[in-house]
Asker: 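Sharing a structure here in structure tokens format.
Bear in mind that the values here come from a model prediction, so they are computed numbers and not experimental data. Order of the sequence lines fixes the chain letters, A, B, ..., with proteins taken first and strands second; residue numbering starts at 1 for each chain.
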Number of protein chains: 2
Amino acid sequence: MTGVDGAVQLRVAMAQVDTRVGDLDGNAALVVEWAGRAAGDGAHLVVFPEMTLTGYPAEDLVLRESFAAASEHALTDLAGALAERGLGEVAVVVGYLAHTEGPAAIDTPPSDEETLDDERPGDANPRRIQPRNAAALLHGGRVVARYAKRHLPNYGVFDEARYFVPGTELPVVRLHGADVALTICEDLWVEGGPCGVVGQAGVDLVVSPNASPYERAKDDLRLPLVRRRAAEARAPVVYCNLVGGQDELVFDGDSLVVSADGELLARAPQFVEHLLCVDLTLDRGRAPERREGRIGPMTVTRTVVSEEPVPAFEPRPGQVAEPLTDCEEVWRALVLGLRDFIDKNGFPSVVFGLSGGIDSALVAALAVDALGADRVHAVALPSRWSSEHSLADAEDSARRLGLHFSTVPIAPMVDAFESAVDLSGTAAENLQARIRGTLLMGLSNQHGHLLLTTGNKSEVAVGYSTLYGDAAGGFAPIKDVPKTLVWELARWRNAHARDRGETEPVPQNSIDKPPSAELAPGQKDSDSLPSYEELDAVVADYVDRDLGMAQLLERGHDPEVVARVLRLVDVAEFKRRQSAPGTKISLKAFGRDRRLPITNRWRESLPSVREGAAQS
Amino acid sequence: MTGVDGAVQLRVAMAQVDTRVGDLDGNAALVVEWAGRAAGDGAHLVVFPEMTLTGYPAEDLVLRESFAAASEHALTDLAGALAERGLGEVAVVVGYLAHTEGPAAIDTPPSDEETLDDERPGDANPRRIQPRNAAALLHGGRVVARYAKRHLPNYGVFDEARYFVPGTELPVVRLHGADVALTICEDLWVEGGPCGVVGQAGVDLVVSPNASPYERAKDDLRLPLVRRRAAEARAPVVYCNLVGGQDELVFDGDSLVVSADGELLARAPQFVEHLLCVDLTLDRGRAPERREGRIGPMTVTRTVVSEEPVPAFEPRPGQVAEPLTDCEEVWRALVLGLRDFIDKNGFPSVVFGLSGGIDSALVAALAVDALGADRVHAVALPSRWSSEHSLADAEDSARRLGLHFSTVPIAPMVDAFESAVDLSGTAAENLQARIRGTLLMGLSNQHGHLLLTTGNKSEVAVGYSTLYGDAAGGFAPIKDVPKTLVWELARWRNAHARDRGETEPVPQNSIDKPPSAELAPGQKDSDSLPSYEELDAVVADYVDRDLGMAQLLERGHDPEVVARVLRLVDVAEFKRRQSAPGTKISLKAFGRDRRLPITNRWRESLPSVREGAAQS
């Protein structure tokens, strides 16, 4: 096959949609709807996010044969449905779960030439099926091409080596005279990966469905990354990312298009569903001579859908969304993560304890932004140790937000327990928190609210909370927000409201007063913990960056603070293993992207001491 | 290098020890102690389990640079310590965590010849260090040879692709004239893996440190597997397995030795630390001509420790432990998993609610077997709905076992809550369970007991429990035991006591009476659930075997039962994600070897219904 000269035009749409894990029918309907919108806008090619039909990440559902087979069926059904709706002439790239035992499987990779061992020494998985993280190009009612992801991320929150076998074929589809190559997500993160093959094969455009989770400050990485791959591929790259919350992950969208020269042609806003269209003029003479067959470790195949270029049209300028500030970005991630968790799990409403402190005041503001005030129920649960300002601040918070608010004093229940069993010290403090948890769960069960737990990352890290007490809840909106960032977000949210002439949602007193659990007379967090500035700095280095004791001291942390914090973090694993999911925004949230044994004698703080763990 | 003729003898010991994750010093001390015992028994070579020095699995500790460096230091220190104790002449094979940035790193694999892509397309892990699951042969105060595991299991409970890079070198050490090859665990599970290389390289003995978790009926797999590898390697295989509990896993030991002809020469008992010695006569003429250098995908290296055979000695017959019955095997797995969780985490004692029902009666018997009666505290927490026999049966159970027993009626607390909030139906039922949970956690915090939760696998599967109520606890001894097996184990344990003339630990009435949560008047489990025989059969097929709806019906399950059970299992994910760890004995325990999204619309039972999740 030889190169074709001259320029061709394409209008390419990125459908940055919010899919639902496991909802094959719903996700297929979403594709039909958004493909229709793109066609209405004159698009020739529409790209959807990674694993569109199954949602991402589908985790162990991937290994269930019935689910994999249903995904294959959903794909062929979708090709038919698009054509029936008159959308057959638009090329649609959707992600799905491929399954070699299924009805329309992609090829298995060529068998290895080695007589001993296999190509992937790490893989002795006895799975019955051979699932692939795949994308297909649909056109004219048919599945025209299928691509299986080659590079499978298996670190942090990713477990793809558990689920998928890697692809070895690289399909290139000629569409209106332009050669379009398919890749998926992590393939773009690898130098000399599929984009290197593309650069030798000769294509005019690379499309990439993605499911790239939000991480604070990560967006600075995507643009330079896509630029490097566009240069390697010698072609523009269309990067369509998922948007929406899925358990601990929130996907931020931020879809973008970069020219072969690295120019940013279009960029979608974050945290919203969005159809981003871009008009591309592809110079067919720019790419090298077209090749197919084996290139490096992959086999390039070519398929022709249409040779005829589209009639010339006047290109519209691409839209480039303004970047968000750090605080607004985090805020919108937390709001979207919370909203999708509640809505996708079918809960009508949420409930939580509103103490007058900063954490619950911030969760209240987040919940109202996510769900509207009418779906939010807050309860003040004062005890004999609650200060006067606590109830007043809780009432102030409720009034500012207009949410449902009630008060249940806990003294009668505390008395009943204390008459039955003799509890003192921490046991007595925890009792109060557990009575609150029991009351809130009672309301949750009675009315169908999901209980939110209001703990922040600093607390979760050091275990400064009560198991089955304030740690109780089905979702933890700020579990990945350190306390210092809690204050920063509260100030930002209030300033944001002021800028728009709205009521500030967080009482200033909740921001200003010294934090206290109020489980004992005159108690302050600072009695038990170092300052939150010190604590958060050590947690960031020890938890997020995985530094050991020697490195922490090298970085200038106070040795006494380091010893205290590390000891607390090391022994708090019991609580964290039983805690609610919450939106991840940092390098390492507690949960599935940080896995430590409970039973574990390694202590950075006290390597030679045999200390017991605590369950409180 | 040419083959050497004639037979040489070796006495090989397998030190089947119970290591602790993270306890580098403690595990090194264990090696010195057991190597000394083996030397005292005349052993020339002692083999320890996989990752001896770090414990297994060390999970994300593996990625911490300070830990990996400490493991390397611990290895070289251990070699010195053995020599200092006069054990330098015994060859000792220990597992450890290797680290290429460390002070004594093994070689990195040869760089790939492909110009594009890398050898392992699945691995784009941006980790800073290159950890390896390694084993070393120590002799004469030095590290003589290092092997890095080639096949990294990444399914079920295993995540080794997350942690390790695979090895490419196969070291063979000549010891007293015999050529000994090192492999590790999963390497034995792969046909054409390192044992295939060994079969071409020519060795006299293969040693394999393992960390192979117990699974019900799995021991039937190990012997035929080791036989196949011995045939492929054309040499005897020495298989030393870990013993002990680690969070959800329990390793059962069951170390064994198979001759090149497949004869079982020795086998250690399960669930106990054990030194298994075997006298081998190795026919050096049997193996093929000795080769080194590249064979298949690996590079064989050879090192000589000693050419001189040991003086001829009279071989002792190998010890072959009697296999356990199914019930005894499960019982001992549960006892060891519980004991090691409590002891390794430094808890002095346990507490739990003793209801008179079969689940808590069985947990009481397990706890006393694991810890002794004096470390076990049980509390009866009768409510207005508790039947008379409940307290009598609980008292009977406590008397039979001799554990600490007390009674706290919950009516006053129930009244206090019901005066404060209006709860009915399930919310009122759950309230009683949460008051019990709060009382038990109060006792746990006051006295330092670990709270055990007594739920069985059938309950956990369908969510038939109260979150923060009876589901509260730091360890769940029978969470992987289906209800029908709970009864079977109770009968077995009583019969076992009868056989030995001891008191039967489980009251017959607890076994015989129909199960009830007793949270409402006259309530029976059978009001809410199908029979446990039906439930357990569907759970085994749906959860353990991952079958879909169509396959379940094909297998003859009742369609109405299947629909009910699948719906319950699908919506119970909230509770399971917040549940305590417990010893895994089945193909799939809820926990880390089964990972499903909480937010998930895939319903085998009702694929088109948008049902809400429940948090109760």
Asker: How about A:M441 and B:T466: do any of their side-chain heavy atoms sit closer than 4.5 Å?
Answerer: no

Asker: Between B:T426, B:L431, B:D187, B:N430, which has the largest tally of heavy atom pairs under 4.5 Å with chain A?
Answerer: B:N430

Asker: Chain B heavy atoms under 4.5 Å from A:I435: which part of the residue, side chain, backbone, both or neither?
Answerer: both

Asker: Using heavy-atom distances under 4.5 Å, tell me whether A:S579 contacts chain B through its side chain, its backbone, both, or neither.
Answerer: backbone

Asker: Please examine the side chains of B:S66 and A:M549, heavy atoms only from C-beta on, and report whether any two atoms are closer than 4.5 Å.
Answerer: no

Asker: Among A:A427, A:G245, A:G548, who wins on heavy-atom pairs under 4.5 Å with chain B?
Answerer: A:A427

Asker: Which pair of heavy atoms, one from A:R595 and one from B:Y163, lies closest together, and at what distance?
Answerer: CB-OH, 4.0 Å

Asker: Out of B:L467, B:L24, B:L451, which one racks up the most heavy-atom pairs below 4.5 Å with chain A?
Answerer: B:L451

Asker: Using the six-membered ring wherever Trp is involved, compare the ring planes of B:W602 and A:F67 and label them parallel, tilted or perpendicular (cut-offs 30° and 60°).
Answerer: perpendicular

Asker: To check you understand the geometry: which heavy-atom pair defines the closest contact between A:D593 and B:R162, and what is its length?
Answerer: O-NH2, 3.4 Å

Asker: Between A:Y468 and B:T438, does the side-chain contact (heavy atoms from CB on, under 4.5 Å) criterion hold? Intermediate values first, please.
Answerer: CA-CA 8 Å; A:Y468 320 129; B:T438 299; over 6 Å; no

Asker: Might you point out which heavy atoms bring A:V21 and B:P597 nearest each other, and give the distance in Å?
Answerer: CG1-CG, 3.7 Å

Asker: Heavy-atom distance under 4.5 Å to chain B: side chain of A:P581, backbone, both or neither?
Answerer: side chain

Asker: Any side-chain to backbone donor/acceptor pair from B:E65 onto A:L547? Under 3.5 Å, distance only.
Answerer: no

Asker: If you count heavy-atom pairs within less than 4.5 Å of chain A, which of B:Q578, B:K575, B:Q246, B:R594 leads?
Answerer: B:Q578

Asker: If I measure from the heavy atoms of chain A, does B:A550 come under 4.5 Å with its side chain, its backbone, both, or neither?
Answerer: neither

Asker: Would A:I598 and B:N345 count as a side-chain contact (heavy atoms from CB on, under 4.5 Å) here? Give the steps.
Answerer: CA-CA 8 Å; A:I598 297 176; B:N345 284 299; 4.2 Å; yes

Asker: Check whether B:D247 reaches the backbone of A:T599 with its side chain - one donor and one acceptor, N or O, closer than 3.5 Å.
Answerer: yes

Asker: Let's test your reading of the structure: which of B:P409, B:G442, B:S444, B:G448 forms the most heavy-atom pairs below 4.5 Å with chain A?
Answerer: B:G442

Asker: State the CG-OH distance between B:D159 and A:Y155, to the nearest 0.5 angstrom.
Answerer: 15.5 Å

Asker: Taking side chain as everything from C-beta outward and backbone as N, CA, C, O, which of these in B:A58 sits under 4.5 Å from a heavy atom of chain A? Side chain, backbone, both or neither.
Answerer: backbone

Asker: Does any backbone or side-chain atom of B:D343 lie under 4.5 Å from a heavy atom of chain A? Answer side chain, backbone, both or neither.
Answerer: backbone

Asker: With distance as the sole test, does B:R601 use its side chain to make a donor-acceptor pair with the main-chain N or O of A:K344 at under 3.5 Å?
Answerer: yes

Asker: Nearest 0.5 angstrom please: A:L423 CG to B:L443 CG, how far?
Answerer: 6.5 Å

Asker: Which side-chain N or O atoms in residues 413-420 of chain B pair as donor and acceptor under 3.5 Å with protein atoms at least two apart or in another chain?
Answerer:
unit_1: B:D415; atom_1: OD1; unit_2: B:R384; atom_2: NH2; d: 3.4
unit_1: B:S419; atom_1: OG; unit_2: B:D415; atom_2: O; d: 2.9

Asker: So for B:I410, is it side chain, backbone, both, or neither that comes closer than 4.5 Å to the heavy atoms of chain A?
Answerer: neither

Asker: Start with the C-alpha distance between B:D546 and A:R64, add both sets of side-chain angles, then the distance that settles salt bridge (Lys or Arg N to Asp or Glu O under 4.0 Å), and finish with yes or no.
Answerer: CA-CA 6 Å; B:D546 249 335; A:R64 201 180 296 171; 3.5 Å; yes

Asker: Decide yes or no for A:L439 and B:V421: does some side-chain heavy atom of the first lie under 4.5 Å from some side-chain heavy atom of the second?
Answerer: yes

